[in-house]
Student: 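Handing you a structure now.
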Amino acid sequence: MEDVMLFGMVISPFVTRVEIALKLKGIEYKYVEEKAGNLSEKAIKYNPVYKKVPIFVHNEKHISESIVILEYIDETWKQNPILPSDPYEKALARFWSKFIVDKLMNAARKAIFYHDEKELEQGIEETTVALQLLENELKDKFFGGDEIGIVDISAVIIAYWLPIIQEAFGLKLFTSEKFPKLYNWSQDFNSHSIVKELLPPRETLMTNYKGVYERHVASK
Ligand SMILES: N[C@@H](CCC(=O)N[C@@H](CS)C(=O)NCC(=O)O)C(=O)O
Ligand SMILES: *[C@@H]1O[C@H](CO)[C@@H](O)[C@H](O)[C@H]1NC(C)=O
Ligand SMILES: *[C@@H]1O[C@H](CO)[C@@H](O)[C@H](O)[C@H]1NC(C)=O
């Protein structure tokens, strides 16, 4: 009997990444909800370096960092692969998975939490460039081809979270007019039978991000 556990938070896109991979592969797991800003002792013991979720525990072996967990899951359970087998294709998939946060979401964060007009403009410009790069990479229905792969899973934050976050903050970063292919992809991805069951309710996220927005405005 496999012992599989996931420490998560309902509002975390990084946790949803791991849940999508587990569900795609049909792996049963025990889920433990953690509190933002107040992780349990156990979670901190498992991830003392970052003190963040997701934390994945497989037969008492623990790992953190969502992309690292996705790769571990793909190598451990071979059914419904999410990474290509060709080394170069695999490297590219890793490259774009990493790009989602390193480039794209960090640029969006700049636009969202700007300190002055210059930073806002820069953030919007950098996010637009990054979304365009992703738009250009989309050659099939999904980044993974006909099936969902690691880039699609990593980009759940673009497909589902970004439209909600930008609405809460009154921004227009990701629109169907500017990024028609990426927009269509987001619709297909969010309505995929496995993905849609795992996405947290829109209202829960909206309430959370509106709160973040209000605290941000109050602190200025
Ligand atoms: N790079 C990490 C990011 C994970 C992350 O930022 N997790 C947040 C929740 S979205 C967290 O656990 N924050 C700690 C806290 O809220 O106390 C990953 O990809 O797994
Ligand atoms: C953090 O969680 C612990 C245990 O669940 C609780 O006793 C404590 O009051 C919490 N601290 C804060 C600041 O919420
Ligand atoms: C997006 O989807 C709509 C409706 O399915 C379709 O008419 C349109 O051509 C698609 N656009 C792109 C750029 O794929």
Side-chain angles (χ1 to χ4, degrees), residues 5-22 31-58 62-74 82 93-106 108-109 112-113 131-132 134-143 145-146 150-165 168 174-192 198-200 204-209 211-212 215:
M5 260 172 84
L6 176 65
F7 291 76
M9 281 175 205
V10 163
I11 59 161
S12 171
F14 303 102
V15 172
T16 303
R17 281 174 170 179
V18 175
E19 295 194 277
I20 294 171
L22 290 170
Y31 178 86
V32 181
E33 177 74 9
E34 290 287 329
K35 283 202 186 68
N38 192 11
L39 257 58
S40 67
E41 263 175 54
K42 202 162 195 181
I44 292 173
K45 191 186 93 193
Y46 284 147
N47 187 7
V49 174
Y50 293 109
K51 302 185 178 66
K52 283 182 177 177
V53 293
I55 299 164
F56 185 70
V57 189
H58 179 212
H62 49 89
I63 348 167
S64 43
E65 284 302 299
S66 56
I67 305 275
V68 176
I69 300 170
L70 292 180
E71 294 202 27
Y72 176 82
I73 290 172
D74 203 42
I82 56 171
R94 286 184 173 130
F95 176 89
W96 288 108
S97 300
K98 196 165 158 353
F99 165 89
I100 308 290
V101 168
D102 287 2
K103 271 295 209 194
L104 212 166
M105 286 313 288
N106 279 337
R109 186 169 291 147
I112 291 163
F113 295 117
L131 283 168
Q132 191 60 53
L134 210 54
E135 169 100 357
N136 298 346
E137 273 312 299
L138 193 57
K139 310 279 163 37
D140 301 296
K141 182 173 185 188
F142 294 116
F143 289 98
D146 293 335
I150 193 167
V151 180
D152 300 279
I153 296 172
S154 301
V156 66
I157 193 164
I158 310 299
Y160 192 68
W161 267 259
L162 185 56
I164 297 173
I165 295 172
F174 176 27
T175 66
S176 56
E177 295 80 29
K178 281 194 251 174
F179 308 103
K181 280 201 300 182
L182 203 55
Y183 180 80
N184 274 13
W185 161 82
S186 73
Q187 301 298 100
D188 288 340
F189 180 77
N190 290 341
S191 60
H192 182 284
L198 295 168
L199 298 172
T204 306
L205 293 186
M206 193 55 92
T207 305
N208 174 64
Y209 288 109
V212 175
R215 286 194 294 281

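As the structure lists them, so they are numbered: ligands from 1, and atoms in each ligand from 1.
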Student: In Å and rounded to the nearest 0.5 Å, what is the CZ to CG distance from Phe179 to Leu134?
Tutor: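 That separation rounds to 9.5 Å.
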Student: Please say whether more than 12 non-hydrogen atoms of neighbouring residues, nucleotides or ligands are located less than 6.0 Å from NZ in Lys139.
Tutor: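 Atom NZ in Lys139 is crowded, with more than 12 foreign heavy atoms closer than 6.0 Å.
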Student: Can you tell me how far apart CZ (Phe14) and CH2 (Trp161) are? Round to the nearest 0.5 Å.
Tutor: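 Reported to 0.5 Å precision, the distance equals 9.5 Å.
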Student: For atom OH of Tyr183, is the number of surrounding heavy atoms from other residues, nucleotides or ligands below 6.0 Å larger than 12?
Tutor: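 Atom OH in Tyr183 is not crowded, with 12 or fewer foreign heavy atoms closer than 6.0 Å.
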Student: Could you list each nitrogen or oxygen of ligand 3 that sits under 3.5 Å from a protein nitrogen or oxygen, with the atom names and the distance?
Tutor:
{"unit_1": "ligand 3", "atom_1": "2 (O)", "unit_2": "Asn184", "atom_2": "OD1", "d": "3.2"}
{"unit_1": "ligand 3", "atom_1": "2 (O)", "unit_2": "Asn184", "atom_2": "ND2", "d": "2.2"}
{"unit_1": "ligand 3", "atom_1": "11 (N)", "unit_2": "Asn184", "atom_2": "ND2", "d": "3.0"}
{"unit_1": "ligand 3", "atom_1": "14 (O)", "unit_2": "Asn184", "atom_2": "ND2", "d": "3.3"}

Student: Is the number of heavy atoms from other residues, nucleotides or ligands within 6.0 Å of CG (Asn136) greater than 12?
Tutor: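 More than 12 heavy atoms, drawn from other residues, nucleotides or ligands, come within 6.0 Å of this atom.
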Student: Rounded to the nearest 0.5 Å, how far does CD of Glu65 lie from NZ of Lys52?
Tutor: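 It comes to 7.5 Å.
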Student: Salt-bridge test for Glu135 and Lys178: reply yes if a basic N is under 4.0 Å from a carboxylate O, no otherwise.
Tutor: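 Judged by the 4.0 Å cut-off on N to carboxylate O distance, Glu135 and Lys178 do not form a salt bridge.
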Student: Kindly compute the distance separating CD1 (Ile153) from CD1 (Ile73), expressed to the nearest 0.5 Å.
Tutor: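 With rounding to 0.5 Å, CD1 (Ile153) is 8.5 Å from CD1 (Ile73).
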Student: Do you know the tightest heavy-atom contact between Val57 and Phe7?
Tutor: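 Smallest interatomic distance, heavy atoms only, reads CG2-CE1, 3.8 Å.
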Student: Where does the angle between the aromatic ring planes of His62 and Tyr46 fall among parallel (under 30°), tilted (30 to 60°) and perpendicular (over 60°)?
Tutor: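 Tilted, since the angle between the ring planes falls between 30° and 60°.
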Student: Heavy atoms under 4.0 Å from ligand 1: which residues qualify?
Tutor: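 Those residues closer than 4.0 Å to ligand 1 by some heavy atom are Met9, Ser12, Phe14, Ala36, Gly37, Leu39, Lys51, Lys52, Val53, Pro54, Glu65, Ser66.
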Student: Going by distance only, is there an N or O of Lys35 that falls short of 3.5 Å from an N or O of ligand 2?
Tutor: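 No; every N/O pair is 3.5 Å or more apart.
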